[in-house]
Chemist: 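For reference, the structure I am asking about is given below.
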Amino acid sequence: MILYHGSYTAIRKPNLSHARETTDFGKGFYTTAIQSQAEKWAGRFKLRQGSGVVTSYEINEAELINGVSGVSVLEFDSYSLEWLDFIISCRQGQPTADYDLIIGGIANDDVFNTLTVYLRGYIEKAEAIKRLRYEKPNIQYCFKKQAIMDQYLVYLGHSAL
């Protein structure tokens, strides 16, 4: 499987020391199997910082994700109450369970708007989930442990926008 990462620079060897804490799944290195999603991420960097780069990696999906490796994986198949609670905890910097890799939907702009309305108390949790059901998740892969990245992410190359 090929995964992509959008940034302002090529990242041959990801390093968690550069990761932010209060993101969708907490501190981690974020990738996606959707090249156009990584291009959007890189495009935001290009607008803000003048350069945008998509870096690609190969992983052995069967070994890493399907339990052969012993890697602890949390996967959200859809926008759900569990996903919503997890995202909110992570974005508020609250500790969550310890996983090596988390896979699930991205809180993109439309999803983020729903989360904001929910967090401000304008809608109930059930209404937030109801609204999110209409959003097709763009799946992200969040690597939470440096050793897992070092072992399983194989740099393939990069391209500038």
Side-chain angles (χ1 to χ4, degrees), residues 1-57 59 61 64-65 71-121 123 125 128-129 131-132 135-153 155 158 161:
M1 167 189 262
I2 306 297
L3 294 177
Y4 304 94
H5 176 80
S7 183
Y8 64 93
T9 189
I11 301 176
R12 293 177 189 272
K13 185 169 174 43
N15 186 326
L16 284 179
S17 68
H18 302 292
R20 294 178 299 145
E21 296 283 342
T22 56
T23 51
D24 287 356
F25 297 140
K27 187 174 184 174
F29 183 70
Y30 287 80
T31 63
T32 179
I34 305 166
Q35 186 174 358
S36 61
Q37 182 63 45
E39 289 168 353
K40 286 180 187 176
W41 292 339
R44 289 182 179 167
F45 281 102
K46 187 173 183 174
L47 286 173
R48 286 183 281 170
Q49 297 179 321
S51 67
V53 177
V54 174
T55 306
S56 58
Y57 307 90
I59 64 165
E61 181 181 17
L64 178 64
I65 298 170
V71 172
S72 62
V73 178
L74 174 61
E75 187 168 1
F76 296 100
D77 295 328
S78 64
Y79 294 128
S80 63
L81 290 173
E82 294 79 18
W83 174 88
L84 179 61
D85 288 340
F86 197 87
I87 290 281
I88 290 168
S89 292
C90 290
R91 283 184 168 251
Q92 293 176 340
Q94 298 171 357
T96 58
D98 190 28
Y99 291 97
D100 299 321
L101 175 64
I102 302 174
I103 304 167
I106 296 169
N108 62 21
D109 293 342
D110 293 333
V111 173
F112 187 73
N113 290 340
T114 299
L115 291 176
T116 300
V117 171
Y118 165 70
L119 288 172
R120 290 186 178 162
I123 61 173
K125 189 182 286 188
I129 292 300
R131 291 180 183 192
L132 292 174
E135 297 292 332
K136 181 180 182 247
N138 284 337
I139 302 301
Q140 61 189 344
Y141 295 73
C142 176
F143 290 84
K144 306 283 286 176
K145 303 280 174 62
Q146 187 68 48
I148 300 301
M149 291 189 307
D150 293 346
Q151 183 174 353
Y152 290 102
L153 279 178
Y155 172 81
H158 64 275
L161 295 183

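This structure is a prediction, so every number in the text was calculated from the model and none was measured. Throughout, residue positions are numbered sequentially from 1 according to the sequence presented.
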Chemist: Quick one: does Y79's side chain get under 4.5 Å of T114's, heavy atoms only?
Modeler: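 Of all side-chain heavy-atom pairs linking T114 with Y79, none is under 4.5 Å.
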
Chemist: Salt bridge or not for K144 and D100, using N-O below 4.0 Å?
Modeler: no

Chemist: Would I139 and I103 satisfy side chain to side chain contact (heavy atoms under 4.5 Å, CB included), going step by step from the backbone distance to the final call?
Modeler: CA-CA 7 Å; I139 302 301; I103 304 167; 3.4 Å; yes

Chemist: Can I102 and F76 be said to form a side chain to side chain contact (heavy atoms under 4.5 Å, CB included), step by step?
Modeler: CA-CA 8 Å; I102 302 174; F76 296 100; 4.1 Å; yes

Chemist: Does any N or O in the side chain of Q37 come within less than 3.5 Å of the main-chain N or O of Q140, such that one atom is a donor and the other an acceptor?
Modeler: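 Answer holds: no.
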
Chemist: Could you give all pairs that pass the side chain to side chain donor-acceptor pair (under 3.5 Å) test and reach residues 25-34, with sequence neighbours left out?
Modeler: T23-Y30

Chemist: Under the criterion side chain to side chain contact (heavy atoms under 4.5 Å, CB included), I'd like the reasoning laid out for L153 against I59: C-alpha separation, chi angles, the key distance, then a yes or no.
Modeler: CA-CA 5 Å; L153 279 178; I59 64 165; 3.5 Å; yes

Chemist: Taking all atoms of both residues into account, what is the closest heavy-atom pair of Q146 and L16, and its distance?
Modeler: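 Scanning both residues, the minimum pair turns out to be OE1-N, 2.9 Å.
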
Chemist: Find out whether K46 and S51 are in side-chain contact, i.e. whether some heavy atom of one side chain is under 4.5 Å from a heavy atom of the other.
Modeler: no

Chemist: Taking atom CZ of F45 as the centre, does the number of heavy atoms from other residues, nucleotides or ligands within less than 6.0 Å exceed 12?
Modeler: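 Yes, enclosed.
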
Chemist: Within the 4.5 Å heavy-atom criterion, are N15 and M149 side-chain neighbours or not?
Modeler: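 A side-chain contact under 4.5 Å is absent here.
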
Chemist: How long is the gap from CD1 on I129 to CD on E82, to the nearest 0.5 Å?
Modeler: 8.0 Å

Chemist: Listed by chain and number, what are the ring-ring contact (aromatic ring centres under 6.0 Å, His included) partners of F29, not counting sequence neighbours?
Modeler: H5, Y57

Chemist: Grab the two heavy atoms, one from L64 and one from V73, that are nearest each other, plus how far apart they are.
Modeler: O-CG2, 4.0 Å

Chemist: Can you check whether K13 reaches Y155 side chain to side chain, under 4.5 Å on heavy atoms?
Modeler: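 The answer is no, as the side chains (C-beta and beyond) never meet within the 4.5 Å cut-off.
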
Chemist: Could you tell me whether a side-chain N or O of S89 sits under 3.5 Å from a main-chain N or O of Q94, the two making a donor and an acceptor?
Modeler: no

Chemist: Please name the pair of heavy atoms, one in G28 and one in C142, separated by the smallest distance, quoted to 0.1 Å.
Modeler: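 That closest heavy-atom pairing would be CA-SG, 3.7 Å.
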
Chemist: Measure the shortest side-chain to side-chain distance between R12 and T55 over non-hydrogen atoms and say whether it is less than 4.5 angstrom.
Modeler: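 Side-chain contact under 4.5 Å: no.
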
Chemist: Drop me the distance from L3's CG to Q35's CD, to the nearest 0.5 angstrom.
Modeler: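 Taking CG in L3 and CD in Q35, the distance rounds to 11.5 Å.
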
Chemist: Between F86 and L74, is there a side-chain heavy-atom distance shorter than 4.5 Å?
Modeler: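 Counting from C-beta outward, L74 and F86 do come under 4.5 Å.
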
Chemist: Can you list the residues that meet the side-chain contact (heavy atoms from CB on, under 4.5 Å) rule with I2, with sequence neighbours excluded?
Modeler: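 Y4, S56, E58, L156.
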
Chemist: Looking at S78, is its backbone amide N or carbonyl O close enough to the side chain of W83 to form a donor-acceptor pair, meaning the two atoms are under 3.5 Å apart?
Modeler: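 Such a contact is absent between W83 side chain and S78 backbone.
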
Chemist: Does the side chain to side chain contact (heavy atoms under 4.5 Å, CB included) test come out yes or no for D85 and K125, once each step is laid out?
Modeler: CA-CA 9 Å; D85 288 340; K125 189 182 286 188; 2.6 Å; yes

Chemist: Tell me, do Y99 and V71 make a side-chain contact under 4.5 Å, heavy atoms counted?
Modeler: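 Side chain of Y99 against side chain of V71, heavy atoms only: no contact under 4.5 Å found.
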
Chemist: If I take atom CG from residue D24 and atom CD1 from residue I88, how far apart are they, to the nearest 0.5 angstrom?
Modeler: 11.0 Å

Chemist: Flag the pair D98 and K145 as a salt bridge only when some basic side-chain nitrogen lies within less than 4.0 angstrom of an acidic carboxylate oxygen.
Modeler: yes

Chemist: In Å, rounded to the nearest 0.5 Å, how long is the span from CD1 of I148 to OG of S72?
Modeler: 7.5 Å

Chemist: Measure the CG-CH2 distance between L161 and W41 for me, rounded to the nearest 0.5 Å.
Modeler: 13.5 Å

